[in-house]
Amino acid sequence: MGCAPFVAAQGDPAAGKLKSDTERCQECHGSDGNGDMGDGVGNLGKFPKLAGQKAEYLIKQLQDFRAGERKNDDQMPMMAKSISDADMADISAYFASLPVMRGEKSAADLEKGRKLYMKGDPERYILPCQSCHGEAGRGGADETIPSVGGQHRRYLVKQLSEFKKTVRQNSPDAMNQIAAALSDEEIEALADYLAAQE
Ligand code: HEC
Ligand code: HEC
């Protein structure tokens with residue numbers, strides 16, 4: 001058995017709930033893990049939903065923030081440095097145990113994003129997103145592949161753009177290559193489609 005799965009399996013959601021209390025993670029990511037902070041100061045959709053996210057994926061992101069392999073100008077590097085490995089496992093187990101994130105109905109045209117999500121574009125070597133992220137973006141069998149269906153649109157656009165520009169570099173073999181081939185318009189269309197998965 002590898003190291004990360006072992007840690008994830010050991011995470012205690014009840015302890016994680018306490019450790020991620022309002023002063024720490026829930027302040028931005030929401031007590032229900034849906035991180036919307038409709039606080040009227042422009043933060044809506046900035047804080048990713050963690051509810052029902054894969055525990056191993058969450059642990060990897062926290063380790064990447066801590067090691068500086070995933071950059072963020074806000075508080076995440078500091079937050080990740082403030083917790084131990086055991087805290088990471090417990091807190092990730094807690095958010096993973098919550099009812100999975102849900103999106104909202106959208107008036108946008110979802111067909112373009114849906115098509116690209118389902119089929120990719122072989123001519124440009126864009127793999128179908130579905131082959132890794134699963135149906136409706138609910139995540140595949142691999143615990144390090146995140147749920148992306150129902151995530152906040154604004155957050156999705158930021159991540160895909162940052163993979164494209166290699167501001168986010170912690171997925172060199174998958175997301176950096178795939179996003180490099182996407183136009184800004186396609187990024188918007190994919191985010192529309194994913195954010196609308198209820
Ligand atoms: C001050 C607000 C704030 C606090 C407090 C905070 N976060 Fe975050 N977190 C963010 C923002 C903003 C992002 C998105 C970063 C980006 O755009 O790449 C983020 C991203 C993340 C991600 C990546 C999610 C993904 O889908 O890849 C994880 C995991 C995470 N936070 C966990 C935590 C944990 C655990 C704590 C508590 C120890 C915490 N956060 C505290 C603001 C916060
Ligand atoms: C070969 C498998 C694979 C394919 C195909 C793939 N992804 Fe990913 N994706 C990943 C992995 C693995 C990660 C996590 C990277 C990391 O560890 O930070 C990821 C991360 C993401 C994230 C960041 C999620 C978050 O919470 O921050 C988004 C958004 C995303 N992918 C969207 C897409 C879209 C849209 C497509 C199709 C254009 C796609 N992916 C195709 C494997 C894949």
Side-chain angles (χ1 to χ4, degrees), residues 4 16 19-30 33 35 37 43 45-66 69-84 87-96 101 113-121 124-134 137 139-140 142-164 167-183 186-195:
K19 289 177 178 178
S20 66
D21 70 9
T22 36
E23 303 277 294
R24 247 192 183 161
C25 322
Q26 295 173 26
E27 177 184 353
C28 292
H29 292 286
M37 290 257 292
N43 280 336
K46 175 178 170 184
F47 305 109
K49 299 180 186 178
L50 306 180
Q53 187 55 279
K54 307 281 168 101
E56 275 180 45
Y57 169 78
L58 293 174
I59 291 171
K60 177 179 183 285
Q61 300 312 304
L62 291 165
Q63 288 171 338
D64 287 353
F65 281 126
R66 186 159 72 183
E69 281 164 27
R70 179 170 170 185
K71 306 257 182 291
N72 175 238
D73 297 337
D74 282 302
Q75 317 240 2
M76 278 316 300
M78 197 185 80
M79 293 311 301
K81 282 179 193 147
S82 78
I83 55 176
S84 69
D87 294 345
M88 281 186 188
D90 291 344
I91 292 172
S92 298
Y94 170 62
F95 284 116
M101 60 183 85
R114 192 192 68 83
K115 204 170 153 212
L116 199 50
Y117 185 85
M118 303 296 282
K119 305 214 161 102
D121 183 354
R124 291 185 293 151
Y125 302 101
I126 301 174
L127 292 171
C129 318
Q130 190 204 20
S131 66
C132 290
H133 289 284
D142 183 332
E143 279 278 311
T144 59
I145 299 181
S147 289
V148 288
Q151 183 57 273
H152 290 301
R153 184 184 187 284
R154 170 177 171 185
Y155 174 76
L156 290 167
V157 170
K158 179 169 183 274
Q159 298 314 304
L160 290 170
S161 306
E162 291 191 348
F163 278 128
K164 176 178 164 153
V167 174
R168 179 169 171 182
Q169 300 177 299
N170 64 341
S171 185
D173 301 329
M175 289 313 300
N176 286 119
Q177 283 187 30
I178 292 163
L182 297 172
S183 69
E186 286 170 333
I187 288 178
E188 300 273 340
L190 285 161
D192 279 336
Y193 172 70
L194 290 171

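All ligand and atom numbering here is 1-based and tracks the order in the structure. Heavy atoms only: backbone and side chains are in, while hydrogens, waters and symmetry mates are out.
Nearest protein heavy-atom contact of atom 26 (O) of ligand 2 is Tyr57 OH, 3.3 Å. Remark: minimum distance from atom 33 (C) of ligand 2 to any protein heavy atom is reached at Met175 CE, 3.3 Å. Among protein heavy atoms, the minimum distance from atom 36 (C) of ligand 1 is reached at Cys25 SG, 2.8 Å. Annotation: atom 29 (C) of ligand 2 to nearest protein heavy atom, Leu156 CD2, 3.7 Å.
Here His133 meets the criterion, with an N, O or S atom under 2.8 Å of atom 8 (Fe) of ligand 2.
A side-chain hydrogen bond (donor to acceptor under 3.5 Å, both in side chains) with Gln159 holds for exactly one of Lys164, Arg154, Arg168; it is Arg168.
Using a 4.0 Å heavy-atom cutoff, Pro146 is listed among the residues neighbouring ligand 2. Within the 4.0 Å heavy-atom shell around ligand 1 one finds Gln159.
Looking at Ser171 against ligand 2, only its side chain comes within 4.0 Å, counting heavy atoms.
Under a 4.0 Å N-O distance rule, the pair Arg153/Glu188 qualifies as a salt bridge. Remark: Lys60 does not engage Glu56 in a salt bridge, criterion side-chain N to carboxylate O under 4.0 Å. With salt bridges taken as basic N to acidic carboxylate O contacts below 4.0 Å, one links Lys46 and Asp74.
With atom 12 (C) of ligand 2 as the reference point, the heavy atom nearest to it among Asn170, Leu127, Ile145 is part of Ile145.
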Cys129 and Leu116: CA distance, side-chain angles, deciding distance, side-chain contact (heavy atoms from CB on, under 4.5 Å) verdict: CA-CA 8 Å; Cys129 318; Leu116 199 50; 5.7 Å; no
